[in-house]
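FYI, the numbering just counts along the sequence from 1.
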Amino acid sequence: MKIRIKYFEEATKLKKIEKGNWIDVYANKDVFVKTNERAMIPLGFALELPQGWEAHLAPRSSTFKTWGIIQTNSIGVVDDTYIGDDDQWHMPVYCLQGKHTEDGIEGTWVRKGDKIGQFRIMEVMPEIEFDEVETFGNANRGGFGSTGTK
């Protein structure tokens, strides 16, 4: 599958990671995020997703350890209508644990080119209808968390 991509301001080029099914994304400018505040990190690209597909954007496993930030919406969903020339992707973040101090203010620096997230594309969920019933007639599994802890 080929997907058209537009880069902004000499952004880091994207490529699929060698191990796994996700594509790493990179900050496209230096951003200082103060502890207990949020910021939008520009990622430097726009994609023309095919109709019927969407992208899921998530932090990398090392994102919190490295920068002390979390993605504010846990996972971002970009649909196939966000395909305009100026529809640059961003990663909304919140700083929980400052790693740097800038002018006496605690926070964290995310620098242009830092690998801060990842995404993958998936087909959108098909149209569904709910068929309301009083019972399924199936055996209960045992409730939430019933698969055990180990």
Side-chain angles (χ1 to χ4, degrees), residues 1-100 106-132 136 138 140-150:
M1 172 184 296
K2 283 194 176 189
I3 296 178
R4 297 196 313 167
I5 187 168
K6 177 185 176 184
Y7 289 104
F8 297 86
E9 301 152 1
E10 299 174 24
T12 302
K13 305 291 185 194
L14 303 185
K15 62 183 181 206
K16 185 181 173 300
I17 60 175
E18 291 185 25
K19 294 181 181 179
N21 295 314
W22 292 69
I23 297 169
D24 289 327
V25 296
Y26 306 84
N28 200 42
K29 76 175 198 176
D30 293 344
V31 177
F32 183 75
V33 188
K34 295 177 187 175
T35 302
N36 297 320
E37 292 194 10
R38 57 193 157 117
M40 293 291 282
I41 309 291
L43 300 177
F45 68 92
L47 284 183
E48 186 180 55
L49 292 170
Q51 188 172 11
W53 290 78
E54 64 189 20
H56 294 185
L57 174 68
R60 298 178 74 242
S61 59
S62 62
T63 299
F64 181 76
K65 177 183 73 162
T66 304
W67 295 280
I69 57 176
I70 59 171
Q71 188 173 339
T72 58
N73 54 351
S74 299
I75 188 166
V77 177
V78 181
D79 68 24
D80 61 4
T81 65
Y82 193 68
I83 57 172
D85 280 331
D86 295 322
D87 289 340
Q88 179 176 186
W89 287 27
H90 288 74
M91 186 166 173
V93 299
Y94 184 85
C95 181
L96 284 174
Q97 185 182 85
K99 302 288 186 174
H100 309 103
E106 184 181 282
T108 196
W109 273 107
V110 177
R111 301 287 187 183
K112 182 173 180 161
D114 283 347
K115 192 185 310 185
I116 62 168
Q118 58 191 337
F119 81 93
R120 67 175 298 156
I121 65 168
M122 304 173 73
E123 287 188 270
V124 297
M125 184 170 65
E127 290 292 323
I128 61 170
E129 279 185 42
F130 291 104
D131 186 11
E132 193 171 330
F136 294 129
N138 303 326
N140 291 327
R141 189 176 91 177
F144 184 76
S146 62
T147 59
T149 59
K150 295 184 182 187

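Residues Leu43 and Ile116 form a side-chain contact, since some pair of their non-hydrogen atoms from C-beta on lies under 4.5 Å apart. By the 4.5 Å heavy-atom criterion applied to side chains, Val25 and Phe45 are counted as neighbours. Side-chain contact between Leu14 and Ile5: present, with at least one pair of heavy atoms (C-beta onward) separated by less than 4.5 Å. In this structure, Lys16 and Asn21 have side chains that are in contact, with non-hydrogen atoms separated by less than 4.5 Å.
Of all non-hydrogen atoms in Glu9 and Lys112, the two that sit nearest each other are O-NZ, 2.7 Å. Annotation for Asp87 and Tyr82: closest pair O-CE2, 3.2 Å, computed over non-hydrogen atoms. Nearest heavy-atom pair across Pro59 and Ser74 is CD-O, 3.7 Å. Contact record, Leu49 with Ala55: CD1-N, 3.9 Å, taken as the closest heavy-atom pair. Among all heavy-atom pairs drawn from Val124 and Trp53, the shortest one is CG1-C, 3.9 Å. Of all heavy-atom pairs spanning Trp22 and Ala58, the tightest one is CZ3-CB, 4.2 Å.
There is no side-chain donor-acceptor pair under 3.5 Å between Asp86 and Gln88.
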As a quick check of understanding, evaluate side chain to side chain donor-acceptor pair (under 3.5 Å) for Trp67 and Asp114, giving each step before the final call.
CA-CA 10 Å; Trp67 295 280; Asp114 283 347; 3.3 Å; yes

Side chain to side chain contact (heavy atoms under 4.5 Å, CB included), that's the test. Do Val33 and Val93 meet it? Break it down for me.
CA-CA 8 Å; Val33 188; Val93 299; 4.2 Å; yes

Begin from the C-alpha positions of Glu106 and Lys34 and carry the test side chain to side chain contact (heavy atoms under 4.5 Å, CB included) through to its verdict.
CA-CA 6 Å; Glu106 184 181 282; Lys34 295 177 187 175; over 6 Å; no

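How far CD of Glu127 is from CE of Met125: 8.0 Å, rounded to the nearest 0.5 Å. Put simply, OG1 on Thr108 and CD on Glu37 are 13.5 Å apart, with the number rounded to the nearest 0.5 Å. The CE atom of Met91 lies 5.5 Å from the CG atom of Leu57; values are rounded to the nearest 0.5 Å.
Because its NZ or CZ atom is both nearer than 6.0 Å to the ring centre of Tyr7 and within 45° of the ring axis, Lys13 counts as a cation-pi partner of that residue.
Listed for the His100 side chain is a donor-acceptor partner under 3.5 Å among the backbone atoms of Trp109. Although no hydrogens or angles enter the test, the distance criterion places a donor-acceptor pair under 3.5 Å between the side chain of Asp80 and the main chain of Gly52. Of the possible donor and acceptor atoms, none in the side chain of Thr12 sits under 3.5 Å from a partner among the backbone N and O of Gly113. Using modelled atom types, no side-chain atom of Asn73 and backbone atom of Pro92 make a donor-acceptor pair closer than 3.5 Å.
Between Trp89 and Phe119, the two ring planes are perpendicular [angle over 60°; tilted spans 30° to 60°].
Within a 6.0 Å sphere centred on NZ of Lys6, heavy atoms belonging to other residues, nucleotides or ligands number more than 12.
Phe64 meets the side-chain contact (heavy atoms from CB on, under 4.5 Å) test with Ile70, Leu96, Gln97; sequence neighbours excluded. Partners of Arg38 under the salt bridge (Lys or Arg N to Asp or Glu O under 4.0 Å) rule, at least two apart in sequence or in another chain, do not exist in this structure.
Pairs engaging residues 46-66 under the salt bridge (Lys or Arg N to Asp or Glu O under 4.0 Å) rule: Arg4-Glu48, Asp24-Arg60 [sequence neighbours left out].
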